[in-house]
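A short worksheet on the structure shown next.
Naming convention: chains lettered A, B, ... in sequence-line order (proteins, then strands); numbering from 1 in each chain.
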Amino acid sequence: MLAHGFRVLQREGHSRARVSELWTAHGVVQTPAFMPVGSQATVKGLSSEDLTGLGFEMVLCNAYHLYLRPGHQLIAELGGPRCII
Amino acid sequence: MIEVQESLGADVAMTLDECLRYPAAEDAAEAALLRTTQWARRSRDARRRSDQLLFGIVQGAHYPDLRARAAVSLVEIGFDGYALGGLSVGEDKEVMRAALDAAVAELPESAPRYLMGVGTPEDLIEGVAHGVDLFDCVMPTRHGRTGWLFTSFGRVLIKNAQYARDESPVDPICSCLVCRSYSRAYLRHLFLAKEMLGIRLNTLHNLHYFATLMTGLRDAVRQGRLAEFRAQFYAYRETCQT
């Protein structure tokens, strides 16, 4: 497992902007980053290969939706969706 | 709630927050931020997994002093990252920026900042300039499903009759597979015929636009030319209006 946390790599002198890396248990996300929304553990209409191909490193899921269906215990048994939220 | 997110195995878990509608009264906003902060503390205490990041959520509606207070309280509790919730809910851009700045000023430089549910391409540019590291929004995907396409010269509603015989790509300077292979006329036909492929291609194009924007922003920050990037973004929109 990777060490997780946040590393600021570079700051912009003229603003508050910075370029950083967010280290998670499953990989590194280059930031500033935009997360596509996949509430039900799917970005509607796209595969995970599509998302990787587009260059996204993290998506947002909705824990409440997944708790209702298919259920967090089931997902835990299957190994988890690797999502934020 | 934390247990659910730990079972799900999310890489980043969020605390529970109370998000108010705009415009929220100051006393209601204060009550919501106190409740959110209490939930944040309980969430932090309920943590079992050490391989998961936990972000606290700053509330406080559009009141800069409440945002600052909420941020200070969360930093005292201590999180791996800090999210800004309940912004971009209908307030003016200037109002949102003031609330955002007030919170960011109290957050540590060493932790990620996540502006939840934001936003438009313009919001992403401003957010990055104001120190935001993460964003999420349904806009590129939902707009794709309703036929709105993002381009370097603004938004296009693909069902419009003007595109019926338009053989050009959605955005002439876009390098996505949709713009390389399909015409506006074909995308319009797919949309009007309610074909599945239309939704898929629109979503791919819009997400490519957002991914490219973020790559451009990261490069601009690295090169210290964010102001120039922003000026070019707006200049292109004005000169290329169709």
Can you tell which part of [X] gets under 4.5 Å to a heavy atom of chain B, answering side chain, backbone, both or neither?
X	answer
A/Leu22	side chain
A/Gln30	both
A/Val19	both
A/Leu51	side chain

B/Phe210-A/Phe34 aromatic ring centre distance below 6.0 Å: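 Centroid separation for B/Phe210 and A/Phe34: below 6.0 Å.
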Heavy-atom check, side chain of A/Tyr64 versus side chain of B/Met1, under 4.5 Å: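 No, their side chains stay 4.5 Å or more apart.
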Contact check, side chains of A/Trp23 and B/Leu53, non-hydrogen atoms, under 4.5 Å: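 Result no, sub-4.5 Å side-chain heavy-atom pair not found.
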Looking at [X] and [Y], what are the two nearest heavy atoms and their distance?
X	Y	value
B/Ala129	A/Ser15	O-CB, 3.5 Å
A/Ala63	B/Val4	O-CG1, 4.1 Å
A/Lys44	B/Thr203	O-CG2, 4.1 Å
B/Glu3	A/Gln73	OE2-NE2, 4.4 Å
A/His72	B/Ser7	CD2-OG, 3.5 Å
B/Leu8	A/Leu66	CD2-CB, 4.0 Å

When you measure from the side chain of [X] to the backbone N and O of [Y], does any donor-acceptor pair fall under 3.5 Å?
X	Y	result
A/His4	B/Ser50	yes
A/Arg18	B/Glu109	yes
B/Arg218	A/Pro32	yes

What part of [X] is in contact with chain A, defined as an atom under 4.5 angstrom from a non-hydrogen atom: side chain, backbone, both or neither?
X	answer
B/Leu204	both
B/Ser110	backbone
B/Leu226	both
B/His208	both
B/Arg142	neither
B/Ala211	both

Value rounded to 0.5 Å, distance of CG in A/Leu54 from OG1 in B/Thr212: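 That separation rounds to 8.5 Å.
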Chain A contacts, top residue of B/Thr215, B/Leu124, B/Asp101, B/Val104 (heavy-atom pairs, under 4.5 Å):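 If we count pairs closer than 4.5 Å to chain A, B/Val104 comes out on top.
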Most contacts with chain A, counted as non-hydrogen pairs under 4.5 angstrom, among B/Pro140, B/Gly81, B/Ala111: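 If we count pairs closer than 4.5 Å to chain A, B/Ala111 comes out on top.
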Residues A/Val43, B/Leu207; criterion side chain to side chain contact (heavy atoms under 4.5 Å, CB included); working and verdict: CA-CA 10 Å; A/Val43 175; B/Leu207 282 179; 4.0 Å; yes
Lys/Arg N to Asp/Glu carboxylate O, A/Glu12 vs B/Arg222, below 4.0 Å: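 Result for this pair is no, no salt bridge flagged.
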B/Arg200 bridged to A/Asp50 by N-O distance under 4.0 Å: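 Salt bridge: yes.
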Partner of A/Ser20 under side-chain contact (heavy atoms from CB on, under 4.5 Å), chosen from B/Asp133, B/Leu134, B/Val221: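 Per the side-chain contact (heavy atoms from CB on, under 4.5 Å) rule, the option paired with A/Ser20 is B/Asp133, out of B/Asp133, B/Leu134, B/Val221.
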